[in-house]
Asks: 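Okay, here's the structure, questions in a sec.
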Amino acid sequence: MKKNKSKQEKIEALKKSIMLRERWLNAIHSGLNAEEMAKIGIKTLPIGK
Amino acid sequence: MMRHLSETQINLHAPYKVTKDQSNTLTFLTENGVLYHIGFAEDTILEISNVYQIYIENVCDIKSIMDDKVRQTIVCVLEQFFLLENHVLLYVCDVRDGRQNARSRLFQKWFSQYKKKDLYVLKSTTKVVEGTFYYASILLKKDNPNLNLVLQEFNSLIQDLDAK
């Protein structure tokens with residue numbers, strides 16, 4: 001069952017969501033591959049041929 | 001049901017050729033010399049699986065002139081995205097240059113121009129966090145079995161953040 005989050009917890013979740021963009025940008029600019037990104041918590045959408 | 005985006009399928013219809021790299025990022029170069037990156041990363045804010053944020057980056061930060069092929073290419077990518085099982089798109093506008101309002105308006109304009117928009121639900125909001133305006137939208141297909149749950153969680157998040 002899902003835990004009911006407090007407002008503060010939701011603000012923290014929102015900040016984490018906002019920060020995800022910066023982390024993704026830093027990761028691709030650093031030349032990380034998808035596997036390395038996953039190790040730091042950025043789960044990218046797989047793209048095939 | 002597809003489990004990943006297909007570069008080949010996107011390129012069947014995209015006016016600009018997209019290429020994927022090892023970071024699961026798609027790249028395309030416009031005829032005006034603007035290089036774009038598009039990527040998706042899973043977001044857990046709604047605690048629902050298959051919710052992804054989309055990132056669209058003008059890599060060289062060259063001012064892009066009006067180019068409808070950019071919109072068409074991004075639409076092709078998104079159409080492939082929505083072929084994936086029950087996927088939900090979360091778009092949080094980039095705030096680094098303070099132009100998040102313009103990005104939000106462009107996103108809404110593109111959606112309003114999209115011929116198949118009736119197949120989708122778009123919900124948008126504006127939030128101020130620590131003095132900065134953030135624009136966020138959620139987009140999913142109407143036949144997504146999690147439609148009601150996703151909208152409920154998104155609305156709940158908005159309402160709770162608004163509450164004193």
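Letters go in sequence order (proteins before strands), and every chain restarts at 1.
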Asks: Tell me the ring-ring contact (aromatic ring centres under 6.0 Å, His included) pairs involving residues 128-152 of chain B, sequence neighbours left out?
Replies: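 Every candidate ring-ring contact (aromatic ring centres under 6.0 Å, His included) pair involving residues 128-152 of chain B fails, so no pair, neighbours aside, qualifies.
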Asks: Can you tell which of K15(A), K43(A), K16(A), R23(A) has the highest number of heavy-atom pairs within less than 4.5 Å of chain B?
Replies: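 Between K15(A), K43(A), K16(A), R23(A), the count favours K43(A).
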Asks: Tell me, for D94(B) versus chain A, whether the close heavy atoms (under 4.5 Å) come from the side chain, the backbone, both or neither.
Replies: both
Asks: Is the number of heavy atoms from other residues, nucleotides or ligands under 6.0 Å of K142(B) NZ greater than 12?
Replies: yes
Asks: Is V77(B) linked to L35(B) within one hydrophobic cluster, defined over Ile, Leu, Val, Met, Phe, Trp and Tyr using a side-chain heavy-atom separation of less than 4.5 Å?
Replies: no
Asks: Could you give the distance from CD (Q80(B)) to CG (L45(A)), rounded to the nearest 0.5 Å?
Replies: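 Going from CD on Q80(B) over to CG on L45(A), the span is 11.0 Å.
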Asks: Atom NE2 of H29(A) and atom NE2 of H37(B): how far apart are they, to the nearest 0.5 Å?
Replies: 6.5 Å
Asks: Please state whether the side chain, the backbone, both or neither of Q8(A) comes within less than 4.5 Å of a heavy atom of chain B.
Replies: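 No part of Q8(A) comes within 4.5 Å of chain B.
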Asks: To the closest 0.5 Å, what do you measure between CD (Q53(B)) and CG (L20(A))?
Replies: 5.0 Å
Asks: With a 4.5 angstrom heavy-atom cut-off, which part of L90(B) approaches chain A: side chain, backbone, both or neither?
Replies: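 Looking at L90(B), just its side chain touches chain A.
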Asks: Is there a path from I47(A) to L78(B) through hydrophobic residues (I, L, V, M, F, W, Y) whose side chains come within less than 4.5 Å of each other?
Replies: yes
Asks: So which part of L14(A) gets closer than 4.5 Å to some heavy atom of chain B, the side chain, the backbone, both or neither?
Replies: both
Asks: Nearest 0.5 angstrom please: I54(B) CD1 to R21(A) CZ, how far?
Replies: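 The distance works out to 9.5 Å.
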Asks: Quick check on the hydrophobic clustering: are I38(B) and V59(B) connected, directly or via other members, by side-chain heavy-atom contacts under 4.5 Å?
Replies: no
Asks: Tell me, out of L157(B), V92(B), D43(B), T44(B), who's got the most heavy-atom pairs with chain A below 4.5 Å.
Replies: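 Greatest number of close heavy-atom pairs with chain A: D43(B).
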Asks: Indicate every side-chain donor-acceptor pair of residues 32-42 of chain A with a distance under 3.5 Å to a residue at least two apart or in another chain.
Replies:
unit_1	atom_1	unit_2	atom_2	d
N33(A)	OD1	E35(A)	N	3.1
N33(A)	OD1	E36(A)	N	2.8
E36(A)	OE1	N33(A)	N	2.8

Asks: Among residues 19-31 of chain B, which residues come closer than 4.5 Å to chain A, judged by heavy atom distances?
Replies: K20(B), Q22(B), S23(B), N24(B), T25(B), L26(B)
Asks: Mind checking whether L25(A) and Y91(B) sit in one hydrophobic cluster, side chains of I, L, V, M, F, W, Y counted as touching below 4.5 Å?
Replies: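 L25(A) and Y91(B): separate clusters.
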Asks: Which distance, rounded to the nearest 0.5 Å, do you find between the CD1 of I18(A) and the OG1 of T132(B)?
Replies: 8.5 Å
Asks: Mind checking whether L5(B) and L139(B) sit in one hydrophobic cluster, side chains of I, L, V, M, F, W, Y counted as touching below 4.5 Å?
Replies: yes
Asks: Is it the case that the side chain of T8(B) and the backbone of K49(A) share a donor-acceptor pair, with hydrogens and angles ignored and the cut-off at 3.5 Å?
Replies: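 Answer holds: yes.
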Asks: Apply ring pair (Phe, Tyr, Trp, His ring centres under 6.0 Å) to Y55(B) and list each qualifying residue two or more places apart in sequence or on a separate chain.
Replies: W24(A)
